[in-house]
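Residue numbering restarts at 1 for every chain, and letters A, B, ... go by the order of the sequence lines. Quick caveat, the model's predicted, so the values are computed rather than measured. In what follows, every heavy atom counts, from backbone to side chain, and hydrogens, waters and symmetry copies are set aside.
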Amino acid sequence: MTFSLKTPTSFNLPAVVRSHGWIQMPPFAETTDHGLAYIIRLNTGKVLRFEVHAVDGNLRVSATALLSEVEQDELSHTVRWMLDLEQDFTEFYSRACQEPKLIKMVERQAGRVLRSPTLFEDVIRTLLTTNTLWKHTLRMCRELITRYGDPLPCDIELHAFPTPEQLAQVDEPTLREQCRMGYRAPYVNELAQRVVSGELDLETLKTSSLPTIELRKELMGIKGVGGYAAANLLMLLGRYDYVPVDSWALKVVSNEFYGGEKVSPKQVLSTFERWGKWQGLVYWFWDWSPTV
DNA sequence: GGTAGACCTGGACGC
DNA sequence: GCGTCCAGGTCTACC
């Protein structure tokens, strides 16, 4: 079945789809016309694949299954969240267009960051990016999904991302052994347990009115989420007050602003401080000079 | 508040 | 083939 969604005035679907590495991780995929494809498990338990295409200035969403009214509402709401359709970038663009290194992103109407349907899923993905190479992150994520996620009925080789309930049933040694996630296994297991027990309601953080600093504290209360992971997750929540400083950030900031001299995380942070509540976004979409 | 060492995996490298 | 080193963030203990 198919339905349409209205887009905001400044919106570029391929720019959102390619905003970061999530699109390389299943069950995300990019369509041939640079739209979004994803396999989702709806609250009713129905598993389907949907695609989002840009058509005549709007979005066309097509699903591999017939949907009830409730299911279509859920899918519509989820797509809006995943593509960050609600956020207004007018203020940011007016500042960014005065910075030569941000002109390209303004012209591309970039700035929206691709999200998973749930914050739980984004936290798990972020945990899998820490202290490892991207290649290994992709492998861990693939194992997690193919082993524990629900299969797509029309193609059982493809799977949805596992729910907290499904991951809570997998013990730590099994996660270590089957997904090769090492010391991250207890973090994933504990997070799933906390969400299932109701001790941690991650999804309410998506619409929380807490100040960003408080939201950061909440996120850093999750085992395995440190400064980098929290800043990354805040970006996904539409809060850009923190720069996710990782080894890549140290490298590009050194190259761009310090003539290749070694820099500290503090120096990275001070580089973008003047951008205030937009600094994470500025860092993310900065037109970095090629590193030597 | 700052720092050192441990935590894991897998790739690169030397022998 | 085996052993060693290294990259990648976070946690914990200690100062």
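- In the set C:dT10, B:dT9, B:dG2, C:dT10 carries the atom at the smallest distance from any side-chain atom of A:T130.
- Of the N and O atoms on the side chains of A:S116 and A:D122, at least one donor lies less than 3.5 Å from an acceptor on the other residue.
- In this structure, a donor-acceptor pair under 3.5 Å is present between the side chains of A:W134 and A:Q24.
- Within the 4.0 angstrom heavy-atom criterion, base atoms lie near A:T132.
- Residues from residues 219-235 of chain A placing a heavy atom under 4.0 Å of any atom in DNA chain C, listed by number, are A:I222, A:K223, A:G224, A:V225, A:G226, A:G227, A:Y228, A:A229.
- One interatomic measurement links the two molecules: CG of A:L128 to P of B:dC7, which rounds to 21 Å at whole-angstrom precision.
- Using modelled atom types and a 3.5 Å distance limit, the side chains of A:D241 and A:W278 yield no donor-acceptor pair.
- In the set C:dG8, B:dG10, B:dC7, B:dG10 carries the atom at the smallest distance from any side-chain atom of A:R139.
- The shortest distance between the side-chain N/O atoms of A:S247 and the OP1/OP2 oxygens of C:dG8 is below 4.0 Å.
- Atom OH of A:Y187 and atom P of B:dT9 are 13 Å apart (whole Å).
- Considering only side-chain N and O atoms, A:K135 lies under 4.0 angstrom from the phosphate OP1 or OP2 of B:dG11.
- Between atom CD of residue A:E74 and atom CG of residue A:L42 there is a gap of 4.5 Å, rounded to the nearest 0.5 Å.
- For A:W22 and A:Y38, the distance between ring centers is not under 6.0 angstrom.
- Distances shorter than 4.0 Å separate none of the side-chain N or O atoms of A:R184 from OP1 or OP2 on B:dC8.
- Using a 30° and 60° split on the angle between ring planes, A:W288 and A:W286 fall in the tilted class, from 30° to 60°.
- Of the N and O atoms on the side chains of A:T212 and A:R239, at least one donor lies less than 3.5 Å from an acceptor on the other residue.
- In this structure, the CD atom of A:E143 is 13 Å from the P atom of B:dT9, given to the nearest Å.
- Per the geometry, OH belonging to A:Y183 stands 7 Å off C1' belonging to B:dC7, to the nearest Å.
- Of the candidate nucleotides C:dG8, C:dG9, B:dG10, B:dG10 has the atom nearest to the side chain of A:R180.
- To the nearest angstrom, P of C:dA7 lies 14 Å from NE2 of A:H136.
- Between the CD atom of A:E172 and the C1' atom of B:dC8 there is a distance of 12 Å, rounded to whole Å.
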